[in-house]
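Here the structure is laid out as structure tokens; the discussion comes afterwards.
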2 protein chains.
Amino acid sequence: MPKRVDHEERRAHLTAALLRIASTRGLQAVSMREVAAEAGVSLRVVQYYFTDKRTLLDSGLIELAARLDRRVKQRASAAGSGLSVRAVFDIVLGAILPGDEQSRLDALAWTAYYAVALTDPSLGADGVHFPNALEDWLTARLTVAQQDGAAPAAGDPRTEVAALLALANGLTASVLGRQRTGEEAAGILRHALDRVLADPRGRVGPG
Amino acid sequence: MPKRVDHEERRAHLTAALLRIASTRGLQAVSMREVAAEAGVSLRVVQYYFTDKRTLLDSGLIELAARLDRRVKQRASAAGSGLSVRAVFDIVLGAILPGDEQSRLDALAWTAYYAVALTDPSLGADGVHFPNALEDWLTARLTVAQQDGAAPAAGDPRTEVAALLALANGLTASVLGRQRTGEEAAGILRHALDRVLADPRGRVGPG
DNA sequence: TCGTTGTGGATACGGTCGTATCAATACACG
DNA sequence: CGTGTATTGATACGACCGTATCCACAACGA
């Protein structure tokens, strides 16, 4: 074997370059050559570690999903354990909103992928699966909370969750369009949560 | 003068072809040649009536805005005059949601434009201006209604309106992604409106 | 009728794209 | 130390892009 390079790390490097381009200049500006230039390597290297452009783009979408997952878990661990339903919703939905510059860039790239996936379902076919799973999970949480009396039974849990998720997505869009800051969006989201789930920022149980 | 052809109508025809491509195959599939083929004319004709590709794309965005405007006015006239604030919100926000197949296609095209405008602000610079104007207008309406006691003073009107607009946009996205039907989205939106503005579907005054 | 002019067909140019090919390098290992 | 293989440089190919050019034709004013 020759130079022995870490493929995993190489691909991560190139994927990061791809997302940098996608979030600043758009997905239509992403070409093999541009990714190579952004990463400071030759075109051949990009070809070598991602045989297809398709493979390259897929990698970008996977990385975006991983980053969102990381952000949720990071926020959750920062909040501790034994969280109330309200806190869980706050964490999960708040993780969707772009809070800092990096998550804003990621949301931009995500939006670009989303737009092309709407008319080219082959790319990011599970881009539909993921939101559905999240909706199911949150709905189950809210249902249990309502049955336990920990949350006001304001209405159909699935409808409430769907509305909250749609709100979070809409707020994200407005932040990306610089109509609102991330803080303003977070405030609006919390305000909406106050309506559906009282008990702001509390913990479950007697505490 | 030669054959004497209606430029206005020609351009409308080509613009419609453009939007048909954009809403079904995405904005990245829009090329001069594709628009020509979709419209059943030669490439030269597209060049002739739209000197630039830029001019062509601008025309598409303008047409989309016009269609949305037409839809709002149509819904408004169908509902009659002397509308309550609740009815006005219902009409305006409901017009954003894709109700039939055509408005769904338009929303798809709109989303495509929105995505590229996020990273290329030169296209659709007033794509930000329009939502802001709508937010201002709705906020003014809600403020007056709250002062007249026609609507419960639930909170800051601007925040309420921003949340409703974000909800409508998020619901639209979920409809486009086939997560929800247009009817379901409309139901969720109405449910949210019931919270902020009571008086469902009524008229202002003693009626 | 003739010439002027609006309309559009045919084709070409330079550029970028994704992908393929061929060779040169450089290192691990027998 | 050789050697084979993983890595990568250089370059080319065909396709499509936006745009430009040249020319044919048709109709209207004079």
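First the proteins, then the strands, lettered A, B, ... as listed; each starts at 1. On a predicted model such as this, the values are computed, not experimentally measured, just so you know.
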[N] [atom2] sits how many Å from [X] [atom1], rounded?
| X | N | atom1 | atom2 | answer |
| --- | --- | --- | --- | --- |
| B:H13 | C:dT7 | NE2 | P | 17 Å |
| B:L56 | D:dT19 | CG | C1' | 14 Å |
| B:D6 | C:dG6 | CG | P | 16 Å |
| B:L27 | D:dG18 | CG | C1' | 15 Å |
| A:D58 | C:dG18 | CG | C1' | 16 Å |
| A:L57 | C:dG18 | CG | C1' | 12 Å |

Could you pick out which residue, B:V45 or A:E34, lies toward the 5' side of DNA chain C when each is mapped onto its nearest nucleotide?
-> B:V45
Would you call [X] and [Y] a salt bridge, taking side-chain N to carboxylate O under 4.0 Å as the test?
| X | Y | value |
| --- | --- | --- |
| B:E34 | B:R20 | no |
| A:E160 | A:R141 | no |
| B:D69 | B:K73 | yes |
| A:R104 | A:D100 | no |
| B:R54 | B:D58 | yes |
| A:R10 | A:D6 | no |

Could I get a table of every N or O pair under 3.5 Å where one atom is in the protein and the other is in nucleotides 12-16 of chain C?
none

With respect to the side chain of A:R10, which nucleotide from D:dT8, C:dG9, D:dT19 is positioned closest?
-> D:dT8
Nearest to the side chain of B:R44, which nucleotide is it out of D:dT8, C:dT19, D:dT21?
-> D:dT21
Above 12 or not: heavy atoms from other molecules or residues under 6.0 Å from CD of A:E101?
-> yes
For B:Y49, the ring pair (Phe, Tyr, Trp, His ring centres under 6.0 Å) test, sequence neighbours excluded, returns B:H7
Is a side-chain donor-acceptor pair under 3.5 Å present for B:R25 with A:T119?
-> no
N or O in side chain of B:H7 less than 4.0 angstrom from C:dT7 OP1/OP2 | yes
Residue-level proximity of residues 47-55 of chain B to DNA chain D when a heavy atom falls under 4.0 Å = B:Q47, B:D52, B:K53
